[in-house]
Amino acid sequence: MVPAWLWLLCLYFPQVPSSHGRKIEPGDKVRTLLQAFPEAQPTELYVEVPENYGGNFPLYLTKLPLPRGEAEGQIVLSGNLGMAAKGPFAVDQESGFLLVTKPLDREEQAEYQLQVTLETEDGRVLWGPQPVLVHVKDENDQVPHFSQAIYRIQLSQGTRPGIPFLFLEASDRDEPGTANSDLRFHILNQAPAKPSPDMFQLEPQLGALALSLKGSTSLDQALEGSYQLLVQVKDMGDQASGHQATATIDVSVVESTWVPLDPVHLAENLKVLYPHHIAQVHWSGGNVHYHLESQPPGPFDVDAEGKLYVTRELDREAWAEYLLQVRAQNTRGEDYTEPLELQVVVMDENDNVPVCPPRGTPISIPEFSLPGTKVTNLLAEDMDAPGSPNSHVVYQLLSPEPEEGTERSAFKLDSTSGSVTLGALPLHAGQNILLQVLAVDLGGAEGGFSSTCEVSVTITDINDHAPEFTTSQIGPISLPEDTEPGTLVATLVATDADLEPAFRLMDFAIEAGDVDGTFGLAWEPDSGHVQLRLLKNLSYEAAPSHMLLVVVRSVAELVGPGPGPGATATVTLLVERVTPPPKLDQESYEANVPVSTPAGSLLLTIQPSDPMSSPLRFSLVNDSEGWLCIKEVSGEVHTARPLRGAQPGDMYTVLVEARDADEPTLSTSVTVVIHFLKSPSAPLPTLAPVPTRHLCTPRQNHGVVVSGPSEDFDQAGGHSSYSFALGPNPTVQRDWRLQALNGSHAYLALALHWVEPREHVVPVVVSRNGQMWQLPVRVIVCRCNVERECMRKVGRMKGMPTKLSALGILMSTLMAIGIFLILIFTHLTLSRKKDLDQPVDSVPLKAEV
Ligand SMILES: *[C@@H]1O[C@H](CO)[C@@H](O)[C@H](O)[C@H]1NC(C)=O
Ligand SMILES: *[C@@H]1O[C@H](CO)[C@@H](O)[C@H](O)[C@H]1NC(C)=O
Ligand SMILES: *[C@@H]1O[C@H](CO)[C@@H](O)[C@H](O)[C@H]1NC(C)=O
């Protein structure tokens, strides 16, 4: 009971809670708002009234915040929304206080909505409406009540401690949320107090009754029986004071019916009405809810009675086994005990066809593989239960069928394992075979499902053929000695009977007959043609013939017997000797010839470039005018007859053929060009040839003295001197040098280092006072010894002593020497002043210098 003076204090400071429940200081804010906005909707006025007020009535609650100076109006109090029901409230017109006329009961009405207006007599509103909320403040005037006076509950043995099996319900009509209605439950008494006085525990706030730990252990040993509990409910929370009520709980302990379940076998694809009952569980305690879980999640359910159902058809191939867990739970979803497990086994039905493995890429089997070689292991998969006939697949070879009339087949199939092996019938490279195998389940029994499986088999080639040449003997092939390196000599062709391109690749080699790499082979990697080419110069002298052994091999390793004789080819080559045609010392010959040149004049000499080469035979080819003749051996070209008809300035070209004397097939031809000149005023008188002399070649430092016409000739022309020149022949001009010594003599020497050793006739033109003479100077050019003597026998040459005459000369010389020596000795004895070192000028072949 709140004392009355406290309430008065409260009224003196009226509380105006805002909508947020914030307390506003007494009287100020509301008044301020009213003054500022007299027309605005006034804030609700909040007033609390204690329930069951025991003081005097009327009880003044609060002074209404009426505007000042509006005294003529009448204060009207009404229920909310203009309703007249204003209940036990009134307004004192004099003071403007709100008052209540009788005690209020919160349990009857907790709040009153009022509004206050200031109205004129004719009902015109001067002020307001001002809402007023009157709250009845609760007093603990209500006693809690249990929902039942006696609770009866079954408690199953095996219930876990602390798991509530009964929830007590009690009510208190005092204001909820306050201590007045805050209830606590307690066990006051347990009968019998055996085997333990506190078998149970009661959650004070929730009223949840459970076995205590001690109770749980001793309950299992106890026989069936019952306990009576006296329970109390009390308000005012944990405070000692408060109203209370009691009730009785009859707890009968029953035996547990929560027993393990046998596994359930369910056929797949079962055609029954669903949900289909499969098992039953029962928790003997009260207040039970069953809960089912399936691992993996499956179509199972449990109803309130603990009946388990399957809700639709099962498929073993999707899931063959489920583990169900059924829980007995209280209303809070707590397990009374361990869940029961139920194994559901789905039984197989032959509802799956054997499935063939994917066909995939063809299987390659090398040719000539032995019978029994494994080809593949066909494994058709049957999804039905493993180990059962439903998944027992057997195989049967459909194709290829064994050849008619023969027991031999290309393939063998093991009907149980599906293993395919090669049969006795040989297969050949390049064959593509489609194996068709029937896979039947139920072990091949009637009514089984079947599939036809296909396997592609390709018989691959092996490198069992060695490449072979199409021709084993090639040639003999003639090759000129001067064949250029790089020339194709022969093309050899080889073949390989294998199919596989890789096994047809060939390698070629010269195995014998080509010691120094004169020959080489070239081939395209994937071709059977190999080219034999010459790589170096041939030499008839070194090797007049070649015998080459060319071999061909398979690039890939050969299987089986090695290469046969066909892998070798013999190429025979004969080298043809090539002798170069004779070569002349000039590419063409020219001579300037006066048209008056008499017959028999030497014009030029054609000679081989190499004096040591084999001798040549010369002939004129097309001397159509017949002007010229050529010495067959020496190559000297002379005029054959006077050049009648030739015009000065004209040119006459004649072809000369030079033929090898030893090898007449070898010849060359050269042009001789004669340029005709004007004939000199008078024909040149030819002087008598000077005696033949000799010069050494290679050139030595000496020459021959040429003298002009004789003294008698000389007398006619007085004493003027001669001039000397070489004849017009360019060869002569090239080979010789002429130097004037004095008015009557000139000196002729070799111009070149080397001039062919033979007799030369050097035409020298001598002139004096407009008179010209041709002087043929005969010189023998020869190889010399140290003594400057000709080493060559030149017996046939004019002017040279023959053997006999030389012997004669030698004898006479020796005799002369002998006589001379006698004379000398005689002379020495007579007079020692005589000189013995006199030169012996009678020695032959000694050149004049
Ligand atoms: C091969 O012969 C040619 C012409 O006959 C010649 O020019 C070349 O030098 C020779 N080569 C060898 C390596 O002898
Ligand atoms: C001789 O043959 C050569 C080359 O064929 C030619 O140039 C020349 O004119 C010929 N001479 C005569 C006189 O037919
Ligand atoms: C010219 O020289 C030659 C040789 O040296 C000689 O024999 C001759 O007497 C000389 N003649 C004259 C006129 O000097």
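Read the numbers this way: they start at 1 and go in the same order the structure lists the ligands and their atoms.
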Quick one: ligand 1 N/O to protein N/O pairs below 3.5 Å?
from	atom 1	to	atom 2	distance (Å)
ligand 1	2 (O)	N537	OD1	3.3
ligand 1	2 (O)	N537	ND2	2.4
ligand 1	11 (N)	N537	ND2	2.7
ligand 1	14 (O)	N537	ND2	3.1

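In terms of modelled atom types and a separation under 3.5 Å, the side chain of E481 and the main chain of V578 share a donor-acceptor contact. Between the side chain of R504 and the backbone N or O of D496, at least one donor-acceptor pair lies under 3.5 Å.
Near S624, meaning under 4.0 Å from one of its heavy atoms, ligand 2 places the atoms 13 (C).
Distance check for C784 and C696: the SG atoms are under the 2.5 Å cut-off.
Ligand 2 has an N or O atom lying under 3.5 Å from an N or O atom of T653, backbone or side chain.
Between F618 atom CZ and I630 atom CD1 the span is 6.5 Å, to the nearest 0.5 Å.
Ion pairing between a basic and an acidic side chain is recognised when a charged N comes within 4.0 Å of a carboxylate O; R577 and E663 show no such pairing.
Across all non-hydrogen atoms, the minimal contact from D660 to S614 is OD2-OG, 2.9 Å.
Applying the side-chain hydrogen bond (donor to acceptor under 3.5 Å, both in side chains) criterion to T460, with sequence neighbours excluded, gives no partner residue.
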